[in-house]
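First the structure, in the form of structure tokens, and then the observations on it.
Everything numeric here is computed off the predicted structure, so don't read it as measured data.
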Amino acid sequence: MHRRTLFLLAVLFVLTAFPLAAQPRTGWVRVELPGSASYLWRYLPPSLDLSQPVPSVLFLHGSGGVPENYRAFVSGAADRAGQVVILPKSSTNLGWGNAQDERIVKESLAAVRSEIQLDPRKVAIGGHSAGGAWSYQLAYTTRSGYSAVFSMAAPYLEVDSLADPSYRTPIRMYYGTEDPNYLTAYPRLKTQWDRLGVPWEEEVLPGYDHNRLPTGAVAKGFLFLAGKTHPVGIDGGTAGICIPGPTVLCLGGGRFQVEVTWKDFQGNAGRGTVVSQALGASDDSGLFWFFTPDNWELLVKVLDGCAVNGRHWVFAAGTTTVEHTLKVTDTATGEVAVWTNPPGRASPAITDTQALGGCP
């Protein structure tokens, strides 16, 4: 056979044997957040170049609202500014601000980052009403790494001091003159930002009330966000959060990531599958099966022993002689603990009270 023909056949073989990775869907995509029992809507502008890290905006809805209410008017702004938009749903209808909401934000950023390469120095945050107020609370009272803030019709929340004074996150505020927050919150916020040395700018439009948000104001706000860069950036939301999946068990409030791999006596290998939480697992313990869902193989527990010996403990009990490896990762510190059971040995109990550190 001719050499050129052989070469073309070889190229064809490589392309078919190793297909190109699927590209993220453009437009709006709903993403479930199993770790925080919530969901988000993600918007990817069709013209955005994904060959390099891209800017993003985490936008928080108002009290009593849902992300779906905001899709129509933020997508055009994102197209113009060239940003991925992340619209998560809060844990309650009362707004934002509790520990579960913090988990939702972290998991939202981690979920989108898992499919799209976000620029960690250009992750901005904003929101409407209660979402706008909590967006500036997150930006200023935590060492978050957000590049900028865009609040729309936000109420006043006090910020005593900046958690990270090395970067004074700039903020843009929007109000309509018919919005009650324009008369109450807006003057106090300007005074607050001046006191803290936070750079701010504003847009005030006559005749608009609290819930009537002009698309032009949104577009200007997103362009403002796109023009700001944090010197270090955000961690992408993955620090301190475990994303549960069919083969990933999350314990300790989502801090500890538990995984198991196995190999049977015929050389077949696989990953342990998590037994459904609905069947009785707790926040501290869970179960895995290897071969069939009704044949459970391994129980794993991660316990907080910080008050006793300054460590997190790992206990496990297996009912198998199959080779398997248990791995527990502390997502807050990156520390990993691993235990392996060789083939043919009855799996012994693990009672490791020195397994992981990371205590206060």
Side-chain angles (χ1 to χ4, degrees), residues 17-19 21-22 30-39 100 103-104 106-107 110-111 114-115 238 240-305 308 311-358:
F18 303 98
R30 176 171 166 139
V31 179
E32 301 302 318
L33 302 174
S36 49
S38 186
Y39 68 93
Q100 183 68 359
R103 180 173 172 79
I104 289 170
K106 283 187 175 183
E107 189 176 0
S114 69
E115 66 158 350
T238 56
I241 193 74
C242 168
I243 306 302
T247 62
V248 177
L249 173 67
C250 298
L251 302 178
R255 174 173 173 174
F256 298 99
Q257 180 172 303
V258 184
E259 299 164 282
V260 182
T261 57
W262 55 264
K263 181 185 292 185
D264 66 16
F265 296 104
Q266 288 73 45
N268 302 308
R271 297 169 64 87
T273 301
V274 178
V275 175
S276 172
Q277 292 281 332
L279 297 179
S282 70
D283 186 55
D284 292 327
S285 64
L287 295 157
F288 288 88
W289 59 268
F290 295 173
F291 308 110
T292 59
D294 59 351
N295 182 14
W296 302 349
E297 305 283 357
L298 188 65
L299 165 69
V300 184
K301 299 168 64 175
V302 180
L303 302 174
D304 184 350
V308 178
R311 307 290 294 179
H312 289 94
W313 306 347
V314 174
F315 289 4
T319 56
T320 181
T321 58
V322 168
E323 177 183 351
H324 63 274
T325 297
L326 168 65
K327 181 173 77 170
V328 180
T329 303
D330 183 348
T331 64
T333 65
E335 186 178 2
V336 177
V338 177
W339 300 264
T340 297
N341 186 67
R345 185 180 75 171
S347 179
I350 297 171
T351 56
D352 192 339
T353 58
Q354 300 291 325
L356 298 162

Contacts under 3.5 angstrom, residues 316-324 side chains, donor-acceptor by atom type, not counting sequence neighbours:
residue, atom, partner, partner atom, Å
T319, OG1, W296, O, 3.3
T319, OG1, E297, O, 3.4
T320, OG1, V322, N, 3.0
H324, ND1, V322, O, 2.9

How far apart are the C-alpha atoms of Q257 and T331, what are their side-chain angles, what is the distance that settles it, and do they pass the side-chain hydrogen bond (donor to acceptor under 3.5 Å, both in side chains) test? CA-CA 7 Å; Q257 180 172 303; T331 64; over 6 Å; no
I'd like to check [X] versus [Y] (side-chain heavy atoms, cut-off strictly below 4.5 Å). Are they in contact?
X    : Y    : value
V258 : F288 : yes
V274 : W289 : no
P246 : V248 : no
T353 : F315 : yes
L287 : L298 : no

What residues, two or more places apart in sequence or in another chain, satisfy ring-ring contact (aromatic ring centres under 6.0 Å, His included) together with F256?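 Listed in chain order: H312.
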[X]: what forms a side chain to side chain contact (heavy atoms under 4.5 Å, CB included) with it, not counting sequence neighbours?
X    : result
D352 : W339, I350, Q354, A355
S114 : none
R30  : E32, Y39, W41, E68
D284 : S282, L303

side-chain contact (heavy atoms from CB on, under 4.5 Å) evaluation trace for W313 with V308: CA-CA 10 Å; W313 306 347; V308 178; 3.9 Å; yes
Which residues pass the side chain to side chain donor-acceptor pair (under 3.5 Å) test with [X], sequence neighbours left out?
X    : answer
T351 : none
W262 : none
T325 : T340
Q100 : none

Please give me the minimum heavy-atom distance between N341 and A346, naming the atom from each residue. OD1-O, 4.1 Å
State, to 0.1 Å, how close T333 and G358 come at their nearest heavy-atom pair, and which atoms those are. CG2-CA, 4.0 Å
Rounded to the nearest 0.5 Å, how far does CG of L33 lie from CZ of R103?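 Those atoms lie 9.5 Å apart.
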In Å and rounded to the nearest 0.5 Å, what is the CG to CZ distance from N295 to F290?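 Result: 9.5 Å between the selected atoms.
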What pairs of residues pass the salt bridge (Lys or Arg N to Asp or Glu O under 4.0 Å) test when at least one of them lies in residues 328-343, not counting sequence neighbours?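 Non-adjacent pairs meeting salt bridge (Lys or Arg N to Asp or Glu O under 4.0 Å): R255-D330, R311-E335.
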Name all residues meeting the salt bridge (Lys or Arg N to Asp or Glu O under 4.0 Å) criterion together with R271; count only those two or more places apart in sequence or in a different chain, and write none if there are none.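 Listed in chain order: E259.
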